[in-house]
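Report on the structure given below.
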Amino acid sequence: MVIVARKVGIYTRISRDDEGDAMGVARQQQDCERLADLRSWQAVKVYEDNDVSAFKRNVVRDEFELMLNDLRSGLIHGIIAYDLDRLARQPRDLERLIEIYDERPKAEFATVTNDVNLGTPDGRTMARIMVAFANKSSHDASRRIKRKHLELAQQGKDSGGPAPYGWRKDDRTKVDPDAAQAIREAQQEILAGVRIGTIRTRWQEEGLGNPRAGTKRMAHHHVEHILTNPRLVGYRTYHGEILTGDDGEPIKGEWKPINTLAEWEAVCAAIAERKQQRPGKMLARKYLLSGIARCGLCKTKIRGQVNPRWKTGSKAAKFSYQCSVVNGGCGKVGRVGDPVDKLIAELVLEEQHEKAAARGVPIEQQWPREGELDAVQADISQLLEAEKSKQITVSTLLQLLPTKEKERDELKLERARFYKDQKQAEAREAAGDLSLAEFFDLPIERQREIVLQSLSAVIIHPAGRGRRIFDPALIDPIWR
Ligand SMILES: [Zn+2]
């Protein structure tokens, strides 16, 4: 008589739930194979779900599903798993499995830990109890943790975890002065027109921000978040939303803020405005006067480009501003770029220095409608209070509240714009004191912004054939 070994499938799974119990799939599989040998079964297939939680309800475990099908169709005669926990933690999954064992009473079942046997009625009852318990405790645990987090947030308590950039690693309530300085500088740059992408590049080079361990890379949205985080003004957030108290005011955390409200609102408004104006990516420009310079003959916008003729001639690639047929120009006017940039920068800085001197020191101004905003806030608190103490009904509250909320939001937006304009003006003011070297050290967008403050265009006139010496008289700045 020939004994044909029973064919079984091995099921393995790692889940992030397995804390401190990182039973690798490889080891699970080895143990299951050994068990198959002991029983004289033939392990024909391994079903491996990686990093999928069997507890989370909305997660589909592909291999688990495949295994159920194979078992149902008789392709395999049984299952081996490390333990019940890895196999099924949702009652729904367990019931589907049990259903198959009900239909196929001869199907094999074994776990390495021998915690349960689905092949017997008693084992199934046991399994149901075990899964029900595991399920309840998992649910309770996660509900309890969530509630605790919200509770702490509402009290303005800090959440755990690594310190956000700007605060000290050993104490999240204290400001890290260097990081805070880097944030403030970057915010100033944003207000002066620098792109987030430029700040990201610089931070990556200098090791600033919060790059992921082992790499220097940071995502764009990550940098944006660091610069606009409500935490900068002490606001407590929960799942990205600013939490408000019973009085409708934002809840303040226990940590030291890095920004004043005016600074923070200005940066948020500037970034939001830029997104609106220029959806998608802001164009990264390479040359100071690209699109600012125009051809003296055809008046078409001129861009900077590396000239291959010079590129081959010298080590340092020189660039030129060249009227181009491709861009709809005449193609007849071009000039070596560097002297043009230097000339324009000198002229612009000189003009801005004179202007700044004439204006004197700017006075920091308070937004004039702060009192109005306070009054609206007070109205809102009063309404909420009145409903709470049953002086008015919920429906009355909901009739009155939206108007007041709209008023408040509009005022807040106006305040943000006011401070944004003010901060931007301050940033511009600072340009008047720059030396030429400092100017050229700035990010290119910032340089361009400064130029555009003073000039609407730069006309480059044709130089005539064979002229080698740069003639400033042929560069014509158009002042605003
Ligand atoms: Zn032209």
Side-chain angles (χ1 to χ4, degrees), residues 3-19 21-143:
I3 298 172
V4 180
R6 304 276 282 163
K7 294 189 173 91
V8 295
I10 289 175
Y11 183 77
T12 62
R13 178 180 70 85
I14 284 195
S15 119
R16 295 199 174 110
D17 299 350
D18 292 346
E19 253 179 79
D21 177 30
M23 171 69 65
V25 231
R27 236 201 83 198
Q28 287 178 47
Q29 188 184 326
Q30 261 177 24
D31 288 353
C32 291
E33 279 169 352
R34 200 171 304 135
L35 182 58
D37 280 347
L38 272 171
R39 302 275 175 105
S40 302
W41 295 338
Q42 187 190 357
V44 289
K45 198 163 173 181
V46 177
Y47 304 87
E48 180 185 317
D49 280 318
N50 239 326
D51 259 341
V52 196
S53 171
F55 162 62
K56 288 193 189 112
R57 210 165 304 182
N58 48 359
V59 170
V60 177
R61 293 183 290 155
D62 293 333
E63 292 278 293
F64 179 79
E65 297 301 327
L66 187 64
M67 182 180 68
L68 289 190
N69 279 339
D70 288 352
L71 186 63
R72 200 177 290 120
S73 67
L75 217 69
I76 52 173
H77 307 127
I79 293 172
I80 298 180
Y82 188 81
D83 57 17
L84 181 64
D85 223 38
R86 297 244 172 6
L87 190 60
R89 289 178 79 179
Q90 275 295 324
R92 205 170 51 96
D93 288 344
L94 179 67
E95 287 310 319
R96 290 193 297 150
L97 201 54
I98 285 178
E99 203 179 301
I100 300 173
Y101 276 90
D102 277 339
E103 283 166 16
R104 304 170 57 85
K106 282 187 183 162
E108 310 286 358
F109 185 89
T111 62
V112 173
T113 59
N114 199 20
D115 52 352
V116 78
N117 184 3
L118 291 184
T120 69
D122 279 354
R124 286 169 222 170
T125 306
M126 194 62 213
R128 285 185 173 118
I129 293 169
M130 285 165 73
V131 166
F133 264 96
N135 208 263
K136 186 177 181 313
S137 66
S138 292
H139 267 303
D140 285 354
S142 76
R143 240 201 329 261

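All heavy atoms count here, side chains included; hydrogens, waters and symmetry mates do not. For reference, positions follow the sequence shown, starting with 1.
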Query raised in the report: Are side-chain heavy atoms of Ile76 and Met67 found at a separation under 4.5 Å?
Result: yes

Query - Leu97 side chain near Leu68 side chain, heavy-atom distance below 4.5 Å - result: yes

Report task. Under the side chain to side chain contact (heavy atoms under 4.5 Å, CB included) rule, collect the residues that match up with Arg39, sequence neighbours excluded. Result -> Leu35, Trp41, Ala110

Report summary line: For Ala127 and Leu118, the nearest pair of non-hydrogen atoms, with its separation, is CB-CD2, 3.6 Å

**Report entry** Closest approach of Arg72 to Glu103 (non-hydrogen atoms, all atoms of both residues)
**Finding:** CG-OE1, 4.5 Å

Query raised in the report: Where is the tightest heavy-atom contact between Ala36 and Ala43, given as atom of each residue plus distance?
Result: CB-CB, 4.3 Å

Query raised in the report: Counting only N and O atoms by type, is there a donor-acceptor contact under 3.5 Å from the side chain of Arg13 to the main-chain atoms of Asp85?
Result: yes

Query raised in the report: Are the side chains of His77 and Lys106 in touch, meaning some heavy atoms are under 4.5 Å apart?
Result: no

**Report entry** Interatomic distance, Ile80 atom CD1 to Leu38 atom CG [nearest 0.5 angstrom]
**Finding:** 9.5 Å

Query raised in the report: Which pairs with one or both residues in residues 109-130 pass ring pair (Phe, Tyr, Trp, His ring centres under 6.0 Å), sequence neighbours excluded?
Result: Tyr101-Phe109

Query raised in the report: Are Glu65 and Arg96 close enough, and set up right, to give a side-chain contact (heavy atoms from CB on, under 4.5 Å), and what steps lead you there?
Result: CA-CA 10 Å; Glu65 297 301 327; Arg96 290 193 297 150; 2.7 Å; yes

Query - Smallest separation among heavy atoms of Ile10 and Glu33, with atom names - result: CD1-CG, 3.5 Å

Query raised in the report: So, the side chain of Asp31 versus the backbone of Arg34: is there a donor-acceptor pair under 3.5 Å, distance only?
Result: no

Query raised in the report: Are Leu84 and Leu94 close enough that some pair of their side-chain heavy atoms sits under 4.5 Å apart?
Result: yes

Query raised in the report: Charged N to carboxylate O below 4.0 Å: is that the case for Lys45 and Glu63?
Result: no

Report summary line: Sorted by chain and number, sequence neighbours left out, side-chain hydrogen bond (donor to acceptor under 3.5 Å, both in side chains) with Tyr11 holds for Asp49, Arg61

Report summary line: Taken to the nearest 0.5 Å, the spacing of Thr12 OG1 from Leu87 CG works out to 11.0 Å

Query raised in the report: Does the side chain of Asp70 come within less than 4.5 Å of Leu66's, by heavy atoms?
Result: yes

Query - Heavy-atom pair with the smallest gap, counting every atom of Pro91 and Val131 - result: N-CG1, 3.6 Å

Query - Nearest heavy atoms of Ala5 and Ser40, plus distance in Å - result: CB-O, 3.8 Å

